[in-house]
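Only this structure's heavy atoms are used, side chains among them; waters, hydrogens and symmetry mates stay out. Both ligands and their constituent atoms are indexed starting at 1 by order of listing.
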Amino acid sequence: MTQRLTVIGTGYLGATHAACMADLGFDVLGLDADEGKIARLAAGDLPFYEPGLEPVLRRGLDSGRLRFTTSYEEAAEFGDVHFLCVGTPQKPGEYAADLTYVDAAIGALAPLLHRPCLIVGKSTVPVGTAARLAETVARTAPVGGDAVLAWNPEFLREGFAVEDTLRPDRIVAGLPAEQGAAEHAEKVLRELYRTMIAAGTPFLTADYATAELVKVSANAFLATKISFINAMAEVCEAAHADVTKLSEALSYDDRIGGRFLGPGLGFGGGCLPKDIRAFMARAGELGADQALTFLREVDEINIRRRIRMVDLARQLLGGSFADRTVGVLGAAFKPNSDDVRDSPALDVAASIRAQGGKVTVYDPRAMPNARRAQPSLDFGGSALDAVRDAHVVLLLTEWQEFRDMEPTAVAQVVAERNIVDGRNALDPERWRAAGWNYRALGRP
Ligand code: UDX
């Protein structure tokens, strides 16, 4: 019999997972506490921007295999497998992850579990959480030991969410210690992911703690790689060297590799920054804080890039932002996303505004989220609109639209031809040839 799936939490991760699993032929019920979000999803309208996801969502709805609800009773009754996809944001004023949503979901679901099922955690959690949740389930589920928990971390990138879900690099299954339960969980997971496994995706089993750690250590490594090249950018700035050439030369070493070695304004988003902080907090609780003190430096290097960007812009304006106009291109934390969580671009824009600059921002997709997050900024209707009369233009998110801009066309509307390329995304020669004073992070 085909497994019936529920997906609890329908944000970037859950909505993508629900739609993709329906596309693979499973009957899927998505659940979220947010009624507005559920109404939009049920109408085939994505509450966020993710390239390629809306057609998959619509196909699922049209086929009748994908439905949405806000009812835990309905989910508990329906599901053979319950995927847990709720968010684990950073706690306000602390490094640790906020597990409110995870605990609330398990707290609501477990007491309603009257039939055998597998709960599959996908949220990014501090190591030790799965074991604790398994205990809660065992204690509160009426079906007792027939409700089994597995931990199956998710590695999807925004902007590539469908691709990463349907063709993941690897599948990691954190299994319970008890052998019968572990064998059952592994069998179900292999069945759910059989198309990917058949296509050659490595399937690894581990204990709960290792599976939880795979996710946070992967993000810690990626963050470290970005901060490494940005630290080299700082040295390049001091030594009048070019970090983009340096990065390219490093990338030809297979042991290093070129991906996530892009120097610039650094990382943001809903994952890397909060995940490395939660990882440090958890290591501290475990008495292993020394092992991760380097992540504090990774975080600080990353934040210093934003400060350096503001300093460079101020310097180009003769030392002050007062009465000066700044055109900001980009608000999302990266291109092909409308996500502004911990966005380096918005952070820089807000900081210049706070220092007295008149800042106008444009982003192809993230305008509504950016407005909500930073209502004191001005927003333009287009890239040219945002840089009109600007004394300096800042490229902060490397959308293709900005890479393709014609330097001579932009020159027509600005007050002064100053540009800082925060993502090393433009061709300096082209811009300089059109009379621009081109500056970039980590380059002479
Ligand atoms: C990340 C992980 O890649 C993914 O595996 C995990 O599941 C969730 O976190 P995401 O947050 O979508 O995914 O973004 P990602 O593409 O990893 O980029 C993160 C940030 O790093 C962005 O702000 C991006 O601009 C920055 N970045 C990336 C760089 O500054 N330089 C690079 O070379 C690469």
Students should be able to answer this: which protein heavy-atom is nearest to atom 5 (O) of ligand 1, and at what distance? Phe155 O, 2.8 Å
Does Gly264 reach ligand 1, in the sense of a heavy atom lying below 4.0 Å from it? no
For Leu261, the ligand 1 atoms whose distance to one of its heavy atoms is below 4.0 Å: 33 (O)
Whether Trp399 and Tyr49 hold their rings parallel, tilted or perpendicular, with breakpoints at 30° and 60°: tilted
May I have the step-by-step check of side chain to side chain contact (heavy atoms under 4.5 Å, CB included) for Leu189 and Leu118, ending in yes or no? CA-CA 9 Å; Leu189 285 168; Leu118 179 67; 4.3 Å; yes
Show the atoms of ligand 1 that are less than 4.0 angstrom away from any heavy atom in Lys215. 6 (C), 7 (O)
Backbone N or O of Arg304 within a donor-acceptor pair of the Glu300 side chain at under 3.5 Å? no
Which residue supplies the protein heavy atom nearest to atom 2 (C) of ligand 1, what is that atom called, and how far is it? Asn219 OD1, 3.6 Å
Any idea which atoms of ligand 1 are less than 4.0 Å away from a heavy-atom of Phe260? 15 (P), 16 (O), 17 (O), 28 (C), 32 (C), 33 (O), 34 (C)
N/O donor-acceptor pair under 3.5 Å between Ser227 side chain and Val298 backbone: yes
Worked check of side chain to side chain contact (heavy atoms under 4.5 Å, CB included) between Gln90 and Asp342: CA-CA 11 Å; Gln90 188 176 341; Asp342 206 339; 5.6 Å; no
Does at least one non-hydrogen atom of Lys225 fall below 4.0 angstrom from an atom of ligand 1? no
Side-chain donor/acceptor of Lys334 to backbone N/O of Glu158, under 3.5 Å: yes
Within 6.0 Å of CZ in Phe379, more than 12 heavy atoms from elsewhere: yes
Among all protein non-hydrogen atoms, which one is nearest to atom 20 (C) of ligand 1, and what is the separation to 0.1 Å? Phe267 CB, 3.5 Å
The one among Lys274, Lys334, Arg157 that brings a heavy atom closest to atom 16 (O) of ligand 1: Lys334
Test side-chain contact (heavy atoms from CB on, under 4.5 Å) applied to Val28 and Arg4, Arg67, Met21, His17, the passing residue: Met21
Any heavy atom of Cys271 sitting closer than 4.0 Å to ligand 1? yes
Looking at Glu158, which atoms of ligand 1 are within less than 4.0 Å of one of its heavy atoms? 12 (O)
What protein heavy atom sits nearest atom 1 (C) of ligand 1, and how far off is it? Leu272 CD2, 4.0 Å
Considering only heavy atoms from C-beta outward, does the side chain of Pro263 approach that of Asn230 to under 4.5 Å? yes
Ligand 1 atoms in contact with Leu156 (distance to a heavy atom under 4.0 Å): 4 (C), 6 (C), 7 (O), 8 (C)
Any nitrogen or oxygen of Phe333, side chain or backbone, less than 3.5 Å from one on ligand 1? yes
With only distance considered, is Gly268 within less than 3.5 Å of ligand 1 through an N or O on each side? yes
Which atoms from ligand 1 have a heavy atom of Arg423 less than 4.0 Å away? 25 (O), 30 (O)
Could you list the atoms of ligand 1 found under 4.0 angstrom from a heavy atom of Glu154? 7 (O)
Measuring from atom 27 (N) of ligand 1, which candidate in Asp275, Ile226, Thr124, Leu222 has the nearest non-hydrogen atom? Ile226
Run the salt-bridge test on Arg282 and Glu212 with the 4.0 Å N-O cut-off and return the result as yes or no. no
Angle class for the Tyr12/Phe48 ring planes (parallel below 30°, perpendicular above 60°, tilted otherwise)? tilted
Could you identify the single nearest non-hydrogen protein atom to atom 33 (O) of ligand 1 and state the distance to 0.1 Å? Gly262 N, 2.7 Å
Kindly check if the number of other-residue, nucleotide or ligand heavy atoms within 6.0 Å of CD (Gln400) is above 12? yes
